[in-house]
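Chain letters run A, B, ... following the sequence lines, proteins first, then strands; residues in each count from 1.
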Amino acid sequence: MRWSQTFIPTLREDPAGAVAASHRLLVRGGFIRRLMAGSYSLLPLGMRVAHKISGIIRQEMDAIGGQEFLAPVVHPGEIWKRTGRWDDVEGIMVKFEDRKGADLVLALTHEEVFAHLAAEMSSYKELPQLWYHLQTKFRDEARPRSGLLRVREFTMKDSYSFDLDEEGLDRQFEAHRGAYHRIFTRLGLDTIQVEASSGNMGGSDSVEFVVRSPTGEDRVAVCGECGYAANLERAVGLVDQVADEPRPGPPEPFPTPGVRTIAALAELGGFAAPIRQIKTLVCMVGEQLTLVVLRGDHDLEEQKLADAAGEAVRPADEGEIVEALGAHPGSLGAVGVEDLPVIADPALRGRSNMVTGANQDDVHLRGVDVERDIPVDRWLDMRTVADGEVCGRCRRGALAVSTVIEVGHIFKLGRKYSEALGAAVLDESGRPAPLVMGSYGIGVGRAMAAVVEVCHDDRGIVWPIAAAPFAVVITALRPDRAEVLEACEALYGGLLAAGVEVLLDDRPERPGVKFTDAELVGIPYRLTVGPRGLESGEAELRSRGGSVNERVALDLAVHRVKELIG
RNA sequence: CGGGCUGUGGCGCAGCUUGGCAGCGCGCCUGCUUUGGGAGCAGGAGGUCGUCGGUUCGAAUCCGACCAGCCCGACCA
């Protein structure tokens, strides 16, 4: 393509409010434009990158036996009601009605539709199946942010596997693990595979593919010894043991005027160090107001609690707390509370001589023996692991916590959707068997943004060749001179004939403008053709990453470029 | 949903405190000069100052409501 005739609106300045590098650079480079919060148009350059990424995804999905479909974006509410998600995912699901008043929803994912399609199968002989599509999803996120990293409308490659049994599912799951690894590697992304919570997707196991980046929204823990890696929503570490000095007698109230936080209480002395406090939180677990207690220096990981309890969890509001306990947050405790269930973190097991709130404002209790004084109903691991903690699996290595971008997620779903939607086949013995499903997703735009987060410098994007909108840009200096234009056209024609994706910068701009634009846009190779080099029949060939910087004879340039891009 | 902030030509911003001609930089158009790292000169186009209402002789500016967006948090199939 010719730059002069292509819509590439580059900007000299960062867009207002853009913080993430991928956000700034994709907008400045003319790849994307925002329509509303969390909705972006792909411009020609962005579309080319999206095509590259989709192409790689298709190749790898096809290689593991995937068949490409295209399912609709607007679904009948009916199928979502059948799986129960009509109510479960309230909030981010956009619901509306057609002219007849029938319920419709915008696709947030496609388990229901594909399970519905799978209901047409009738024999185990048709299995296994692996179906996928690249299709728009819409999720009315509470807070879209960071350009393409978290949006409301996006294209996702989602695939769905159907098997007769768990062994089949395991094979498809492992095939996806391999395919995803290859996809991200080809895109230049160094991914970590981490155990993750399945959230309200349901199902047994899930693995996220994540890329280390400070811009990410997720945090994961990775063991340096055994390779254990898990999202903090699930990660398990070993808690350090604390030796308590026993203190005889019942808990003793003491006045703590104005003390509302763990830190403020700790200032009263060593006896109230955070590690010697009991943190009492009040949560709505399902429909039940529940006391949640942890060690003072530990944080609650809500998802771990939700998964362990098998219920949705939300923090109680202040009104609910005061009504139930008669005190405000800051003076709460679980000692002697009989009318509410108490869930405790195992780090509190066996602890004694601790400090906690007395359920009376400005009063705390000391000398609390956890198992003696608190009526614990359930012990559930629900604390957030901390950086440096000992690995919960190998019990030797240290867990390193890092911030990551989630670029892919694979789920073992089991039979939830197939049972709800009647997707079953007859097995060898002639009995109906609900299909065992898996689902697997990659966000195309997020992958694009992740590549930019990882591959950029202070001048702009540095695309890996596999994702680049063009492999080469020919920068024509003084295109108003016939000899320059002729040489560029010859090169351009030669590269096109050789099947190289080439952009000819034929704009009547000054050299500096062209160089900076080429670097901002991030095209991997640049051939510079100007009067100076033409005197010796040469062009200058540079790689955006800096590893190549050489002069090539014009008649060898096509060959040399082919050699470099492979 | 809570907290903080912002809305002024295509982009980035000033002006608002103390009401009185709507400005600057970049970009854009025309001409001339220039051309190996964001050119110079001259001329020019382009704005319901987010929306609605109020105060006032007069509102970008003051007041109210609403809308939109950004950042932090909550939330996140």
query: Separation of A/Lys514 atom NZ from B/G36 atom P, in whole Å?
result: 12 Å
query: Starting at CG of A/Asp480 and ending at P of B/G36, how long is that distance when rounded to a whole Å?
result: 11 Å
- prompt: Which residues satisfy the ring pair (Phe, Tyr, Trp, His ring centres under 6.0 Å) test with A/Phe69, sequence neighbours excluded?
  reply: A/Phe114, A/Trp131
query: What's the CZ-P distance between A/Arg145 and B/C70, to the nearest Å?
result: 11 Å
message: Looking at A/Arg415 and A/Glu166, is any side-chain nitrogen of the basic one under 4.0 Å from a carboxylate oxygen of the acidic one?
response: yes
field: For atom CG of A/Leu477 and atom C1' of B/G36, their distance in whole Å
entry: 6 Å
task: Drop me the distance from A/Ser22's OG to A/Leu148's CG, to the nearest 0.5 angstrom.
output: 7.0 Å
task: Round to a whole Å and report the spacing from CZ of A/Arg551 to P of B/G36.
output: 14 Å
query: Which part of the nucleic acid, if any, lies within reach of A/Arg481 when heavy atoms closer than 4.0 Å are counted: base, sugar-phosphate only, or nothing?
result: nothing
N-O pairing of A/Arg459 and A/Asp457 below 4.0 Å: no
- prompt: What does B/U56 pair with, Watson-Crick or G-U, if both distances are under 3.5 Å?
  reply: none
task: Please confirm whether any donor atom in the side chain of A/Glu519 sits under 3.5 Å from an acceptor in the base of B/G37, or the reverse.
output: yes
Complement of B/G7, any strand, by Watson-Crick or G-U distances under 3.5 angstrom: B/C67
Show me the donor-acceptor pairs, under 3.5 Å and distance only, between side chains in residues 34-42 of chain A and residues at least two apart or in other chains.
| from | atom 1 | to | atom 2 | distance (Å) |
| --- | --- | --- | --- | --- |
| A/Tyr40 | OH | A/His23 | NE2 | 3.3 |

Tabulated below should be each protein N or O lying under 3.5 Å from an N or O of nucleotides 39-42 of chain B; please produce it.
| from | atom 1 | to | atom 2 | distance (Å) |
| --- | --- | --- | --- | --- |
| B/A39 | OP2 | A/Arg510 | NE | 3.2 |
| B/A39 | O4' | A/Arg510 | NE | 3.4 |

field: Flag for A/Asp158-A/Gln135: side-chain donor and acceptor within less than 3.5 Å
entry: no
At a cut-off of 3.5 Å, list every protein nitrogen or oxygen paired with a nitrogen or oxygen from nucleotides 1-3 of chain B, distance to 0.1 Å.
none

task: May I ask which nucleotide in the shown strands pairs with B/C13, Watson-Crick or G-U wobble, both distances under 3.5 Å?
output: B/G23
statement: A/Glu318 atom CD is separated from B/A74 atom C1', nearest whole Å, by 16 Å
query: Can you tell me how far P of B/G27 sits from CG of A/Leu520, to the nearest Å?
result: 15 Å
- request: Confirm from the modelled atom types if A/Arg526 and B/G36 form a donor-acceptor pair under 3.5 Å, side chain to base only.
  value: no
- request: Return the value, rounded to whole Å, for the distance between atom CZ of A/Arg478 and atom C1' of B/U33.
  value: 12 Å
Base-pairing assignment for B/G46 (Watson-Crick or G-U wobble, both under 3.5 Å): none
query: Between A/Thr10 and A/Phe154, which has a closest nucleotide on RNA chain B that is more 5'?
result: A/Thr10
Residues A/Glu141, A/Arg143: salt bridge by 4.0 Å N-O rule: no
query: When you look at CZ of A/Arg219, are more than 12 heavy atoms from neighbouring residues, nucleotides or ligands closer to it than 6.0 Å?
result: no
- line: Taken in chain and number order and not counting sequence neighbours, the residues that satisfy ring pair (Phe, Tyr, Trp, His ring centres under 6.0 Å) with A/His110 are A/His75, A/His133
- request: Check the angle between the aromatic planes of A/Phe411 and A/His409 and answer parallel, tilted or perpendicular using the 30° and 60° thresholds.
  value: parallel
- request: Start with the C-alpha gap between A/Tyr440 and A/Arg177, add the side-chain angles, then the distance that decides, and say whether side-chain hydrogen bond (donor to acceptor under 3.5 Å, both in side chains) holds.
  value: CA-CA 9 Å; A/Tyr440 317 85; A/Arg177 189 196 292 276; over 6 Å; no
Polar-atom pairs under 3.5 Å, protein N or O versus N or O of nucleotides 14-16 of chain B: list them with distances, or write none.
none

query: For residues A/Thr528 and A/Arg526, is any side-chain donor paired with an opposing acceptor at under 3.5 Å?
result: yes
Pick out the pairs of N or O atoms, protein on one side and nucleotides 44-46 of chain B on the other, that lie under 3.5 Å.
none

- request: Kindly check if the number of other-residue, nucleotide or ligand heavy atoms within 6.0 Å of CD (A/Glu323) is above 12?
  value: no
Atom pairs, protein N/O to nucleotides 9-12 of chain B N/O, distance under 3.5 Å:
| from | atom 1 | to | atom 2 | distance (Å) |
| --- | --- | --- | --- | --- |
| B/G12 | OP1 | A/Ala16 | N | 3.1 |
| B/G12 | O2' | A/Glu13 | OE2 | 3.1 |

query: Less than 4.5 Å apart, any side-chain heavy atom of A/Met1 and any of A/Phe470?
result: yes
- prompt: Tell me, which of residues 531-548 of chain A have any heavy atom that sits under 4.0 Å from an atom in RNA chain B?
  reply: A/Arg532, A/Gly533, A/Glu540
- prompt: Between the side chains of A/Glu538 and A/Ser536, does any donor sit under 3.5 Å from an acceptor?
  reply: yes
query: Can you list every salt bridge (charged side-chain N to carboxylate O under 4.0 Å, His left out) pair that touches residues 300-313 of chain A, not counting sequence neighbours?
result: A/Lys304-A/Asp381
Sequence-distant partners of A/Asp345, salt bridge (Lys or Arg N to Asp or Glu O under 4.0 Å), two or more places apart: none
- prompt: Taking the six-membered ring where the residue is Trp, are the ring centres of A/Tyr525 and A/Trp463 under 6.0 Å apart?
  reply: no
statement: Residue pairs passing the salt bridge (charged side-chain N to carboxylate O under 4.0 Å, His left out) test with at least one member in residues 281-292 of chain A, sequence neighbours excluded, are none
- request: Under a 3.5 Å limit for both distances, which nucleotide forms a Watson-Crick or G-U wobble pair with B/G31, could you say?
  value: B/C41
- prompt: Around A/Arg260, counting heavy atoms of other residues, nucleotides and ligands shown, do more than 12 lie under 6.0 Å from its CZ?
  reply: yes
